[in-house]
Amino acid sequence: MTEESKNLPTNFIKEIIDRDLEQGKNDGRIHTRFPPEPNGYLHIGHAKSIVLNFGIAKEYNGLCNLRFDDTNPIKEEEEYINSIIEDVQWLGFDWEDRLFFASDYFEQLYKLAEQLIKSGDAFVCDLTAEQIRSYRGTLTKPGTDSPYRDRSVAENLDLFRRMRGGEFPDGRRVLRAKIDMALPNLNMRDPVLYRILHATHPRTKDSWCIYPMYDWAHGLEDSIERITHSLCTLEFEDHRPLYDWCLVKLGVYHPQQIEFARLNLSYTILSKRKLLELVQEDMVSGWDDPRMPTISGMRRRGYTAAAIRNFCERIGIAKKDNIADMALLEYYVREDLNKTAPRVMAVLNPLKIVIDNYPEGQVENLPAVNNPEDPAAGNREIPFSRELYIEQEDFQEEPHKKFFRLAPGKEVRLKHAYIIKYERVVKDEQGNIKEVHCTYDPDTKSGGVNADRKVKGTLHWVSKMHSLEAEVRLYDRLFATANPNSVAEGTDFKSNLNPDSLKVITAQVEPGLKHVRAGDRFQFLRRGYFCVDIKDSNGGKLVFNRTVSLRDSWARIERMKLR
RNA sequence: UGCCGGGUCGUCUAAGGGUAAGACCGCGGCCUUUGGAGCCGUUAAUGGUGGUUCGAAUCCUCCCCCGGCAGCCA
């Protein structure tokens with residue numbers, strides 16, 4: 001792992017842990033968990049939680065479990081379980097033999113519910129969902145006791161057992177905690193603990209028709225696993241009193257819940273519900289569409305696990321609502337890929353160049369360094385010949401004064417090859433540039449006698465007769481606005497989708513790319529980082545995804561010009 | 001408007017009664033056979049008020065603003 005070690009921020013959770021350790025709490029044991037619900041794919045926001053939980057375990061010599069909180073069979077699927085396992089692993093974390101499922105605890109949870117009934121702290125309620133809602137009161141008005149609140153322990157027990165036995169249809173009855181309908185915290189107004197759901201669970205199949213609610217299940221799962229610090233996001237803050245209530249009433253081991261602010265990222269959304277919507281409405285190609293902020297999408301886009309980890313560590317942990325800058329994430333991919341990605345030449349928008357004084361039919365194989373940041377990456381050879389492609393944007397007939405590329409009267413270096421000089425341009429009837437003729441200086445071959453002659457610009461290129469065609473998918477941010485969730489009345493986040501988030505082009509790439517493997521990452525010189533698509537690239541067709549462009553100071557100059 | 005939680009550079013995060021710091025972004029420069037990378041420099045912040053104190057981002061008062069909560073979701 002290439003973790004960045006300098007100046008990483010501390011956080012309030014570590015301070016709590018330090019204090020607990022000083023006080024000898026839990027015998028100095030630190031045990032966390034990452035508890036996803038398998039109702040969608042993991043995204044970068046989950047990565048923040050994963051890095052936090054596994055990171056704390058590692059730092060304090062503790063343990064971190066991977067636990068599926070699979071208590072709602074209606075929304076959960078095996079596909080999601082598998083993808084989550086793959087993603088956490090890919091991110092570089094190891095739960096060893098501690099892969100758990102809430103569903104494995106269903107029997108224990110049920111027994112504890114009976115215990116709660118026996119102590120008079122829970123009752124079976126026959127109110128409908130709508131009735132429960134209206135009995136609950138409002139934010140400012142207290143609720144009203146359910147008419148079933150004072151059933152006897154025996155009757156509650158009998159009814160609850162019959163609920164489990166499948167005697168009642170969905171929604172007919174629920175088990176509720178008996179707390180206080182007048183409490184200002186709505187979660188404490190006799191919350192539902194179990195509901196009837198005749199649904200097939202991905203793991204327990206049809207063995208249950210009652211399922212525990214989050215508030216009942218989660219603290220008990222933590223307790224069963226002897227979790228010391230149960231880290232969750234801010235929206236569960238109001239649930240902590242209930243988390244604590246359940247554990248205290250049962251008299252079981254009591255983990256400490258601590259809440260932190262979830263991640264928001266500019267120009268994207270991090271809501272499983274909304275991401276699902278994009279998938280279901282075909283606004284993206286799937287959960288792993290390279291534009292998606294999902295771990296699988298980012299992986300397919302070419303992001304590295306190290307880049308994601310470094311980002312998560314840098315943004316820190318606090319309780320303040322935040323929107324992290326996409327530019328920071330991009331900084332970390334570039335940082336990682338700069339060190340590791342082999343350089344290669346690819347012309348995205350080809351313009352034909354003819355070297356008039358280069359012998360027809362001649363081919364030279366020129367040595368090229370694979371990665372100037374990594375000497376161990378070695379060299380390769382690339383063919384040079386009379387007809388080449390360069391980028392259309394690297395030639396201007398009437399150049400801006402700071403344009404250091406090919407233009408009338410100008411010379412440029414072709415990377416790894418020669419210095420060439422503009423001679424003339426050939427246009428079609430419409431006046432479009434067809435090709436540019438140049439001459440080369442044979443003495444300026446890279447490594448040769450006049451090779452160190454200074455020219456202002458260096459261009460990448462490919463040999464026309466040797467280059468390979470490749471499909472290149474130019475991805476841009478999924479949303480056009482920094483905060484897609486802020487929308488005008490009557491529209492939703494989808495109105496902020498960026499119509500230009502994907503542009504597919506046909507590029508010409510150097511011949512050595514013929515034998516790439518799925519997932520290989522490269523820097524296309526002067527263009528950005530690209531990776532071989534893991535789904536659509538194969539022997540017959542090369543497909544590259546743009547991970548991120550290079551920082552581009554020319555683009556900045558162009559922008560300044562517009563102002 | 002009941003309860004809970006938050007307000008520090010443009011962004012994210014530190015500083016826990018003693019010089020408001022770091023990262024990203026931006027800007028400027030150096031360097032460069034990638035206008036990449038690297039290196040150097042730099043702009044920029046404590047929501048307001050009153051108080052305690054030699055000294056307040058930090059403690060107290062009042063106010064303002066933002067977020068969450070009325071699923072048989074998690």
Side-chain angles (χ1 to χ4, degrees), chain A residues 4 6-11 15 35-37 39 69 71-72 74-75 125 127-129 132-134 136-143 170-171 173-176 183-189 191-197 211 213-215 217-218 232-241 259 261 266 272-273 311 314-332 334-335 338-339 343 345 369 372-373 402-405 413-417 419 444 446-447 451-460 482 523-528 550-557:
Chain A
E4 189 189 39
K6 48 175 186 180
N7 294 329
L8 285 173
T10 183
N11 63 60
E15 288 173 9
E37 184 193 10
N39 67 343
D69 208 359
T71 56
N72 184 358
I74 291 171
K75 292 184 174 176
C125 183
L127 256 23
T128 64
I132 286 181
R133 192 183 318 128
S134 68
R136 186 153 35 224
T138 69
L139 294 175
T140 51
K141 284 199 290 285
D170 289 4
R173 285 183 228 271
V174 292
L175 182 73
R176 291 226 257 168
L183 254 16
N185 181 345
L186 267 45
N187 295 125
M188 297 295 276
R189 319 239 264 228
V192 172
L193 266 23
Y194 270 90
R195 74 284 213 190
I196 300 172
L197 248 32
Y211 291 91
M213 297 286 290
Y214 169 87
D215 288 306
H218 204 90
C232 63
T233 44
L234 252 26
E235 66 269 29
F236 293 102
E237 214 152 17
D238 289 336
H239 293 249
R240 180 163 19 101
E259 311 85 13
S266 59
K272 278 198 272 187
R273 204 210 85 225
F311 168 78
R314 171 57 64 187
I315 54 174
I317 301 292
K319 300 192 76 157
K320 191 180 72 166
D321 290 331
N322 62 82
I323 304 180
D325 197 338
M326 180 68 90
L328 184 62
L329 218 206
E330 293 177 342
Y331 167 83
Y332 280 108
R334 290 192 185 106
E335 183 198 56
N338 175 52
K339 289 180 294 194
R343 272 58 168 174
M345 294 202 285
V369 61
E373 305 290 323
K402 285 196 155 181
F403 187 78
F404 301 148
R405 310 176 188 183
R413 157 77 59 186
L414 293 180
K415 182 76 180 175
H416 305 308
I419 292 174
T444 59
S446 285
D452 53 354
R453 217 176 93 204
K454 297 287 183 235
V455 284
K456 276 287 198 178
T458 299
L459 309 185
H460 61 279
Q523 183 193 107
F524 286 2
L525 224 61
R526 301 207 304 138
R527 298 312 309 239
L550 252 26
R551 283 185 73 235
D552 186 352
S553 44
W554 170 247
R556 216 183 62 226
I557 293 169

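The sequence lines fix the lettering, A, B, ..., with proteins before strands; numbering per chain opens at 1.
For the atom pair CG of A:Leu329 and CZ of A:Arg334, the computed distance is 10.5 Å after rounding to the nearest 0.5 Å. The CD1 atom of A:Ile315 sits 11.5 Å away from atom CG of A:Leu8, with the distance rounded to the nearest 0.5 Å. Atoms NZ and CG, from A:Lys319 and A:Asn11 in turn, are 12.0 Å apart once rounded to the nearest 0.5 Å. Taken from CE in A:Met345 to NZ in A:Lys415, the straight-line distance is 8.5 Å, to the nearest 0.5 Å.
Not one side-chain nitrogen or oxygen of A:Arg405 sits closer than 4.0 Å to the OP1 or OP2 atom of B:rU33. Under 4.0 angstrom from either OP1 or OP2 of B:rG35 there lies no side-chain N or O belonging to A:Arg556. Using a 4.0 Å cut-off, some side-chain N or O of A:Thr71 falls inside it from OP1 or OP2 of B:rA74. OP1 or OP2 of B:rA74 lies within a sub-4.0 Å distance of a side-chain N or O belonging to A:Arg195. In terms of phosphate contacts, A:Arg136 brings a side-chain nitrogen or oxygen within less than 4.0 Å of OP1 or OP2 of B:rC72. Taking 4.0 angstrom as the limit, A:Arg526 places a side-chain polar atom (N or O) nearer than this to OP1 or OP2 of B:rG35. An OP1 or OP2 oxygen of B:rC24 is reached within less than 4.0 angstrom by a side-chain nitrogen or oxygen of A:Tyr331. Remark: A:Arg189 is not in phosphate contact with B:rC3, judged by side-chain N or O atoms under 4.0 Å from OP1 or OP2.
Using a 4.0 Å heavy-atom distance criterion, A:Leu183 is classed as making no nucleic acid contact. Among the atoms of the strands shown, only primed sugar atoms or phosphate atoms (P, OP1, OP2) are found under 4.0 Å from some heavy atom of A:Asn11. Nucleic acid contact class of A:Glu237 (heavy atoms, under 4.0 Å, all strands): sugar-phosphate only. Here A:Leu193 lies out of heavy-atom contact (under 4.0 Å) with every strand. Residue A:Lys402 is in base contact, counting any heavy-atom pair closer than 4.0 Å across all strands shown. Backbone-only engagement by A:Asp321 is indicated by non-hydrogen atom pairs under 4.0 Å involving sugar-phosphate atoms exclusively. Backbone-only contact: A:Arg133 has heavy atoms under 4.0 Å from sugar-phosphate atoms and none from a base. Among the heavy atoms of the strands lying under 4.0 Å from A:Ala129 is at least one base atom, whether or not backbone atoms are also near. Here A:Ala261 lies out of heavy-atom contact (under 4.0 Å) with every strand. Nucleic acid contact for A:Pro372: base, since at least one base atom lies under 4.0 Å from a heavy atom of the residue. A:Leu234 comes within contact range of no nucleotide atom at all, as no heavy-atom separation falls under 4.0 Å. Residue A:Thr138 is classed as a base contact, given a heavy-atom separation below 4.0 Å to a base. Using a 4.0 Å heavy-atom criterion, one finds that A:Ser553 contacts the sugar-phosphate atoms exclusively. Using a 4.0 Å heavy-atom distance criterion, A:Gln523 is classed as a base contact.
The side chain of A:Ala327 sits closest to B:rC24 out of B:rC24, B:rA37, B:rG35. Looking at the side chain of A:Asp325, the nearest of the listed nucleotides B:rG22, B:rU11, B:rU34 is B:rU11. Residue A:Asn72 places its side chain closer to B:rC73 than to any other of B:rC73, B:rC69, B:rU34. Which of B:rC69, B:rG35, B:rC12 sits closest to the side chain of A:Phe404 comes down to B:rG35. Closest to the side chain of A:Leu550, from the set B:rC69, B:rC72, B:rG36, is B:rG36. Which of B:rA74, B:rA15, B:rG35 sits closest to the side chain of A:Asp69 comes down to B:rA74.
Here the separation of B:rG18 from B:rC59, taken at their C1' atoms, is 15 Å to the nearest Å. The C1' atoms of B:rU46 and B:rC9 are separated by 10 Å, rounded to the nearest whole Å. As rounded to the nearest Å, B:rU8 and B:rA57 have C1' atoms that lie 7 Å from one another.
With its glycosidic angle more than 90° from 0, B:rG50 adopts the anti conformation.
Applying the 3.5 Å distance criterion, the base of B:rG5 shares no donor-acceptor pair with the side chain of A:Glu259. A donor N or O paired with an acceptor N or O is found under 3.5 Å between the base of B:rU34 and the side-chain atoms of A:Arg343. With hydrogens and angles ignored, a donor-acceptor pair closer than 3.5 Å exists between the side chain of A:Ser446 and the base of B:rU33. The base of B:rG35 lies outside donor-acceptor range of the side chain of A:Asp552, with no N or O pair under 3.5 Å. Remark: the A:Glu335 side chain and the B:rG38 base include no donor-acceptor N/O pair separated by less than 3.5 Å.
In this structure the side chain of A:Arg176 never reaches within 4.5 angstrom of the side chain of A:Met213, judged on heavy atoms. In this structure the side chain of A:His416 reaches within 4.5 angstrom of the side chain of A:Val369, judged on heavy atoms. The shortest side-chain heavy-atom distance between A:Tyr331 and A:Phe311 does not fall under the 4.5 Å cut-off. Contact of the A:His460 side chain with the A:Arg527 side chain is registered, since non-hydrogen atoms from C-beta on lie closer than 4.5 Å. Between A:Ile132 and A:Val174, the closest side-chain pair of non-hydrogen atoms falls below 4.5 Å.
Using modelled atom types, one side-chain atom of A:Arg189 and one backbone atom of A:Leu183 make a donor-acceptor pair closer than 3.5 Å. Counting only distance, with no hydrogens or angles, the side chain of A:Ser266 and the backbone of A:Met326 share a donor-acceptor pair below 3.5 Å.
By the criterion of a centre-to-centre distance under 5.5 Å and near-parallel planes under 30°, the ring of A:Phe236 forms no stack with the base of B:rA74.
Distance A:Lys320 NZ to B:rA57 P: 18 Å, rounded to the nearest Å. Look at CD1 on A:Ile557: it is 13 Å from C1' on B:rG28, rounded to the nearest Å. A:Arg551 places its CZ atom 15 Å from the C1' atom of B:rC31, with the value rounded to the nearest Å. What separates OH of A:Tyr214 from P of B:rG71 is a distance of 18 Å, to the nearest Å. If you measure from atom CD of A:Glu37 to atom C1' of B:rG71, you get 13 Å, rounded to the nearest angstrom. The separation between A:Asn322 atom CG and B:rA23 atom P is 20 Å, rounded to whole Å. With rounding to whole Å, A:His218 atom NE2 is found 21 Å from B:rG71 atom P. The distance from atom CD1 of A:Ile317 to atom P of B:rA14 is 9 Å, rounded to the nearest whole Å.
Checked for salt-bridge contact, A:Glu37 and A:Lys272 miss the test: no charged N lies under 4.0 Å from a carboxylate O.
Nearer the 5' end of RNA chain B, as judged by each residue's closest nucleotide, is the contact made by A:Thr140, out of A:Lys456 and A:Thr140.
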What would the secondary structure line of RNA chain B be in dot-bracket form, counting Watson-Crick and G-U wobble pairs under 3.5 Å, with [ ] for pairs that cross earlier ones and | for pairs with another strand? .((((((..((((....[..)))).(((((.......)))))....((.((..]....)).)))))))).....

